[in-house]
Amino acid sequence: MGRGKLRLVIEGKMRLYLRLVVALAAMSMLSQLCLSTPLYQVRRFKKKSNEEQTQIYWKKIADEELTRAIRMKRNTNVAKNVILFLGDGMSIPTITAGRIYKGQQFSRSGEEGWLNFEQFPHVGLAKTYNVNKQVSDSASTATAYLGGVKTNYKTLGVDASAIYQDCHSVTDDNKVYSIVKWAQDAGKRTGVVTSTRVTHATPAGTYAHVADRDWECDGNLPEGCDSMKDIARQLVEDEPGASINVVMGGGYQSLTSNATGTEDDPLDDEYGCTRLDGRNLTQDWVNAKKKSGVNHAFVRTKSDLLALDTSNVDYLLGIFANGHLQYEHEKRDKKLNVPTLASMTKVALEVLSQGSEGYFLLVEGGRIDHAHHDTMAHRALDELVAMDDAIGVAIKMTNERDTLIVVTADHAHTMSFSGYPDRGQEITGLAGFDEEGFPYTTLMYANGPGFNDTRPNITAEDSRDWEYTQLAAVPKDSETHGGDDVAIYARGPMAHLFHGLHEQNYIPFMMAYTSCIGDYKDHCHGGAEKAVPALTLILLAVSTWILS
């Protein structure tokens, strides 16, 4: 081989070695980058267009919104029907993050989108404190937004003269009756739909009176309180519970003593209640309806629910789990025979709408709260979107002319929405990096099980996982509620009466006023056409007399 050829061979090998060295160095750098930057957590979604870069776009958006506001007319009809959607723990940051999350499910950036209820024309705020706490629980708040009376922490359906855990402090004089009873007294049908146990705080707020919200069944009653009825018995045996037309949710083990668990539906031994008196209250409910001669149905699965001929059902009891219903993503992923909140809402409205006098329906997205307590933000947002889907069903099935729909929350949570994430950045992912180069998520909590003694490096963790626990600042086994004001969204008759900052107990009185029930049953004039305050009628009569 000549010197020239030898030189070319050597140069060729050197170039090959050099390429290998460069490739190995690049792979090493990429490996380090992947370890320090969890790229899977900084996925971004595109904006719907590039128009946002121009002034013309934003002026157009503002002009369209202003035009809608100017043209908005007050609906002063009487509400034949009232639907209250209650997002348990649905704080304002949860709503904002939920809006983005919903948009990103459709590969949009999300910020520019709207939840169904965010398009309602009227919005207000509610103060959520109770009589003895700055930060409330779901029982005391239920007494406020359903019964119109603020009360003590963890007491339910009683005023503040009742003492927490003192069963003897509950009397006929301090019981607080809810808008469900007001509606029944006016001849309306009533319904309660929840993703929690039907004996849990929010649904129980429609029918129960107890000094402790945890007295869901006899197994939780303290000594010396044998003469009082637990919450489950009040639902089946007492008014207004026994006359509620539609009751759907979980809580089978609170209602029957022979409940058994399965892999997909285990008994809740931690937070649930175990019935000890040998009774089966679901069968008692069926027997009572048979005796009354009314059309009724008791169902345990989604299949049974969807197979119902709702035109032939006046009373419906659906109990689909031993404890709370499974999270919506579990229903999807495991293909469980458990109905969604949206499908339960649809069936409930089919049954209730057959009543000639109208109806009141409470629908609770209750598991938003439970996901927050576990500091699992992804689950909380998914549950909020599930409730928004149910709201979409209600919008399609009702007429704004005669149906008031109110959407609110009972209390807030400590989840924050922070950092400086880029537009369209995945809401369940990262916001950025701290001063030490460690990543942190956009959604975090002030307290909860996500606390760590040392600042953890979450590089290798997937914050999109359903059971991912967000970082928390203070250690708590269960994250606490927040004391924030909560939003109220409304559309339909007299929805404009939600107009600013309200005490939470204002909510049921407003709903009663617009539907002419309870204290306002005599305050309407003109049948189902117009709602006019009695004072206005008096002033009109006086002025007419003077002028005549």
Side chains of [X] and [Y] in contact at under 4.5 Å (non-hydrogen atoms):
X: Tyr164; Y: Val158; answer: no
X: Gln326; Y: Phe320; answer: no
X: Tyr506; Y: Leu497; answer: yes
X: Tyr489; Y: Ile391; answer: no
X: His296; Y: Val286; answer: yes
X: Leu86; Y: Thr408; answer: yes
X: Thr262; Y: Thr260; answer: no

Is Arg279 salt-bridged to Glu237, going by a charged N under 4.0 Å from an acidic O?
-> yes
Taking atom types as modelled, find out whether [X] and [Y] have a side-chain donor-acceptor pair closer than 3.5 angstrom.
X: Asp88; Y: His411; result: yes
X: Thr141; Y: Gln504; result: no
X: Thr301; Y: Ser303; result: no
X: Asp159; Y: Ser161; result: yes
X: Gln184; Y: Thr190; result: yes
X: His481; Y: Ser136; result: no

Which residues pass the salt bridge (Lys or Arg N to Asp or Glu O under 4.0 Å) test with [X], sequence neighbours left out?
X: Asp277; result: Arg275
X: Asp369; result: none
X: Arg99; result: Glu118
X: Lys476; result: none

For [range], which residue pairs qualify under salt bridge (Lys or Arg N to Asp or Glu O under 4.0 Å), counting only residues two or more places apart or in two chains?
range: residues 201-214; value: Asp137-Arg213
range: residues 297-313; value: none
range: residues 176-200; value: Lys181-Asp185, Arg189-Asp314, Arg197-Glu216, Arg197-Asp268
range: residues 119-130; value: Lys127-Glu503

Without swapping roles, check the side chain of [X] against the backbone of [Y] for a donor-acceptor pair under 3.5 Å.
X: Lys175; Y: Val170; answer: no
X: Asn152; Y: Thr155; answer: no
X: Thr96; Y: Ile92; answer: yes
X: Ser254; Y: Ala232; answer: no
X: Asn174; Y: Thr171; answer: yes
X: Asn295; Y: Val313; answer: no
X: Gln253; Y: Gly261; answer: no
X: Asn258; Y: Gly278; answer: no
X: Thr256; Y: Tyr252; answer: no
X: Asn322; Y: Ala259; answer: no

When rounded to the nearest 0.5 angstrom, what is the spacing between [atom1] in [X] and [atom2] in [Y]?
X: Asp264; Y: Leu336; atom1: CG; atom2: CG; answer: 5.0 Å
X: Ile405; Y: Met511; atom1: CD1; atom2: CE; answer: 12.5 Å
X: Leu325; Y: Met248; atom1: CG; atom2: CE; answer: 10.5 Å
X: Lys290; Y: Gln283; atom1: NZ; atom2: CD; answer: 6.0 Å
X: His122; Y: Met494; atom1: NE2; atom2: CE; answer: 10.5 Å
X: Cys167; Y: Asp230; atom1: SG; atom2: CG; answer: 12.5 Å

Closest contact, heavy atoms only, [X] versus [Y]:
X: Asn75; Y: Gly492; answer: ND2-C, 3.5 Å
X: Ala201; Y: Ala142; answer: O-CB, 4.0 Å
X: Tyr315; Y: Ile244; answer: CD2-O, 3.6 Å
X: Ala211; Y: Ser169; answer: CB-OG, 4.4 Å
X: Leu125; Y: Ala487; answer: CD2-CA, 4.0 Å
X: Trp285; Y: Leu317; answer: CH2-N, 3.6 Å

Among [options], side-chain contact (heavy atoms from CB on, under 4.5 Å) partner for [X]:
X: Val347; options: Val193, Leu316, Val299; value: Leu316
X: Ser140; options: Val131, Thr151, Val149, Leu156; value: Thr151
X: Leu404; options: Arg491, Lys80, Met510; value: Met510

Would you mind listing every ring-ring contact (aromatic ring centres under 6.0 Å, His included) that reaches into residues 198-247, with sequence neighbours excluded?
-> Tyr177-His209, His200-His324, His200-His370
Report the relative orientation of the aromatic rings in His502 and His499; use parallel for angles under 30°, tilted for 30 to 60°, perpendicular for over 60°.
-> perpendicular
With sequence neighbours left out, write down each residue that passes side-chain hydrogen bond (donor to acceptor under 3.5 Å, both in side chains) with Asp238, or none if nothing qualifies.
-> Lys229
How would you list, by chain and number, every residue that makes a side-chain hydrogen bond (donor to acceptor under 3.5 Å, both in side chains) with Ser243, sequence neighbours excluded?
-> Glu239
Gln119 atom CD, over 12 foreign heavy atoms within 6.0 Å = yes
For atom CG of Asp477, is the number of surrounding heavy atoms from other residues, nucleotides or ligands below 6.0 Å larger than 12?
-> no
For this output row, return yes or no: ring centroids of His413 and His373 closer than 6.0 angstrom.
-> yes
Here the side-chain hydrogen bond (donor to acceptor under 3.5 Å, both in side chains) pairs for residues 339-348, sequence neighbours left out, are Thr340-Ser343, Lys346-Glu350
